[in-house]
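Numbers restart at 1 for each chain; the letters A, B, ... are given by sequence-line order, proteins then strands. Computed from a predicted structure; not experimentally measured.
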Amino acid sequence: MKKVLKPLIAVIVLALIPWAGITYGKLDYVFAIVIPYAAAAILVLGMFFRLIDWIRRPVPFNIPTTCGQEQSLDWVKTNPLECPSNPFMAAVRVLSEVFLFRSLFRNTKAELHGGPKLVYGSHKWLWLGGLAFHWSMLVIVIRHARFFLETLPMPIGLLETFDSFLDVTVPAFYLTDALALAAITFLVLRRLSDEKMRLLSLSTDYFPLFLFGAIAVIGISMRYVTKVNVMPVKALAMTLAHFGFDAPEPIGVLFYVHLFLVCVLLAYIPFSKLVHMGGIFLSPTRNLPNNSRARRHVNPWNPDIKFRTYAEYEDEFREKMKKAGLPVEKQ
Amino acid sequence: MSNKYALKPDELKKEFEQKKPRLLKGEFGGKDWWDLPVEFRDGNWCFPAKPEVLDELHFANPRKWAATDKDWQLPAGWEKTIRDGMKDRLKRFRSFKVFMDSCVRCGACADKCHFFLGTGDPKNMPVLRAELVRSVYRNDFTGLAKILKDFSGSRTLTQDVIKEWHMYFHQCTECRRCSVFCPMGIDTAEITMMVRELLNLIGVNNNWILAPVANCNRTGNHLGIEPHTFEQNIMSLVDDIEDVTGVKVNPTFNRKGAEILFITPSGDVFADPGVYTMMGYLLLFHHIGLDYTISTYASEGGNFGMFTSNEMMKKINAKMYHEAKRLGVKWILGGECGHMWRVVHQYMNTMNGPADFLKEPVSPITGTKFTNAKTTKMVHIAEFTADLIKHGKLKLDPTRNDHLRTTFHDSCNVARGMGMFEEPRYVLNKVCNVFHEMPENTIKEQTFCCGSGSGLNAEEFMDTRMRGGFPRASAVAHVREKHKVDSLVTICAIDRASLPALMRYWNPGVTVYGLHELVGNALIMQGEKKRTEDLRENPMAGFGEGDDDE
Ligand code: SF4
Ligand code: SF4
């Protein structure tokens, strides 16, 4: 349980920092301007270095995991998505992974029955939960663009309209808010309820979930419950968007907690498992075409190896070979 | 069947019955995985390599030891050796680095590994298997995680960690099933390969892997068969073929100027039931009048180097091209084998190519160009035979296999490291009349390992093998019950060696066959005598003396 409590406490402590800082330290400027810039810089530079660091390392062998029929004889039906034979299809494969979580879609659950016998069932909950979580997060992030932009571009406006089509509350209720919260809850409960998941999860798996949860809950409460004054928030966002350094007008402390946790999240990404957002593009088992017999893949550090040549072999076995009537090079 | 390294089937069955439907074994009561002890006992570890073998290979730390020893006599400074080795591999393999960094511990892979399903040991969940290394990586190679030690689950490298690595990276058959389900494409097999390399640096190893490696190096094949014996063995198969069919086939050896060099795993030359598959190849080649030769020097398709280190894999594989060049053949045809084909398909041309001295493979019988093997110049026999059948070049009588009710086991390397599913099925369906697929989640890319791949086919490892093979056996049991299947057909030499034991254990009465053995049964050879027996000299249904007059 320590594994769960520690990150929970960590998030609470993190939430208290801006609260104390604003209430007692009057550190508005630090939390409004300094920390956001620092977090953004850490995110951008951190991700940049991580990616460079990965890309610099060679891919010595062409090792895609082939999950479908390869391209072979003309009349054999191939599966170009699961076993791409060219870089284009490999890219499609990666994108289907990024946008649709294709591999997770395959997920099954194994169960031991009497017999003994193993039975497999389709198990798409993780796929659904993951997809709901990631997509609603994306929509929420995009929605926030309205704070940073003078005029709202059409697509974002459209997105918002769709998102709030239920229109049950004032202000209009966003579907993705509920979806995100539900998904986070599911992901946490999933880790807690399944014995296997409990065992393999680390504090670093719970921490980001709690962080996301806290950010979402505070965001939602600002919108529907405590109703933060939007004007100064918008002004601050515009300042940040224009790389300005003007001190903000007074905003409620809840907003600073929200903002600070977002900053923590941004800065945390490059140093944690959240880098998977970059890693997924660079996985050699997914992003390479399965054409290693048709096209030569080059290993930049291919070592020079001394192997046992035929001549050495014949030297050892010549007499036996001759006796057996096997052809030899030297008599 | 009795083996002192495995429970009796009934005892193991009972154990499984008791833990159902829970997959995990043991109560962990809130314990963290790193607090669970490693326990070596009879049947779950392979004997380490003998000092002579290590000397011959110039490998580190030759000594007499056993996994159950308290002190493993690791060489002085072994921690540094491991750390440096890790650093070096992180630099050379993007896969290793990315796989260390980007697992989200979603657990999608957890119940996909046959060793987990069969043992219920949590550290056999692929994600935890990788975490065994990742925890050290986080400690030694990343800044932040080290500070937040407890938080991020990082830990210090100790002898106990090495013991754990040895146990669990020799309870992974590099089958890649986990990789199919991972949203990040993390391939635990790749991590296993890295860790085995690291362990070899400090003399922690497996005799069943390294002895074949030493043999391959010296004699060309992993059984250490010398050239004259190798030839004699095949010639005795030639006699057996004549007994059964009345046809005399004439393979040639080390013949310069042949059009095609044929290489198959040496298990097909020496071990039962692989030899029957070999007889199938020989009949096929005779049937179509192929101009081919077999080499005694490059007499091993399988490559145990792959389970040792990248350099060793290259060294052993180099013989294929070397011999093809010396003999002046046009291209190479490869027999039925799992890891041989993973190496040939994904590594060979990169390591030992370009093979400019060979020609782009063309079937001399049908004229089909194998464009998918354009630069490696090596064709899989299932592709080759499928093409022959498609073009109507084989005279086949599938009723000669009517005494068999078959199912097909995809070998993991061919399935997930090559992507060949349809060709062997096409051939199988043309040479026999009764074929039933095992359940969907256990075939093709989701196929289950035999539980003994990647050099774990050792006798003393029987307990883990029978557990690891349980998912495969369970799927076979399903088609056995439903369709009375009694023949398990495969295209892998390790399968031919390991599945018979697995079937005797879980599904007595199911026999293991190679694909080309069935081809050999079905081929109507020119000048053959009346065939009443299959290549194993078992009576064929409907061909006996009594059923003479159709
Ligand atoms: S499926 Fe992949 S990302 Fe998920 S836990 Fe397993 S290795 Fe990690
Ligand atoms: S590669 Fe195969 S044996 Fe190894 S962890 Fe993955 S599923 Fe298990």
- Query: Which word best sums up how the rings of A:F101 and A:H134 line up, parallel for under 30°, tilted for 30 to 60°, or perpendicular for over 60°?
  - Reply: perpendicular

- On the 0 to 90° scale, with breaks at 30° and 60°, tag the A:F133-A:F212 ring pair as parallel, tilted or perpendicular. perpendicular

Side chain from CB out, backbone as N, CA, C, O: work out which of these in [X] comes under 4.5 Å of a heavy atom of chain A, or both, or neither.
X      : result
B:E190 : side chain
B:A386 : both
B:M125 : side chain
B:K14  : neither
B:N317 : neither
B:E231 : side chain
B:R326 : side chain
B:E311 : both
B:T219 : both
B:F384 : neither
B:E383 : both
B:H322 : side chain
B:L90  : both
B:V98  : both

Looking at chain B, which one of [options] has the largest number of heavy-atom pairs inside 4.5 Å, strictly under?
options                        : answer
A:N299, A:L288, A:T108, A:N291 : A:T108
A:V275, A:I280, A:D205         : A:D205
A:Y206, A:Y313, A:F307, A:Y120 : A:Y313

Report which part of [X] has an atom under 4.5 Å of a heavy atom belonging to chain B: side chain, backbone, both, or neither.
X      : answer
A:L200 : both
A:F207 : side chain
A:H113 : backbone

- Message: Quick check with a 6.0 Å cut-off and a 45 degree axis cone: is B:R89 positioned over the face of B:F96's six-membered ring?
- Response: no

Output yes when a side-chain donor or acceptor of [X] lies under 3.5 Å from a complementary backbone atom of [Y], and no otherwise.
X      : Y      : answer
B:R472 : B:T442 : yes
B:K123 : B:L36  : yes
A:N107 : A:K124 : no

- Message: With salt bridge (Lys or Arg N to Asp or Glu O under 4.0 Å) as the criterion, how do B:K444 and A:E82 come out once you've worked through the C-alpha distance, each side chain's angles and the decisive distance to 0.1 Å?
- Response: CA-CA 12 Å; B:K444 301 201 174 168; A:E82 299 290 11; over 6 Å; no

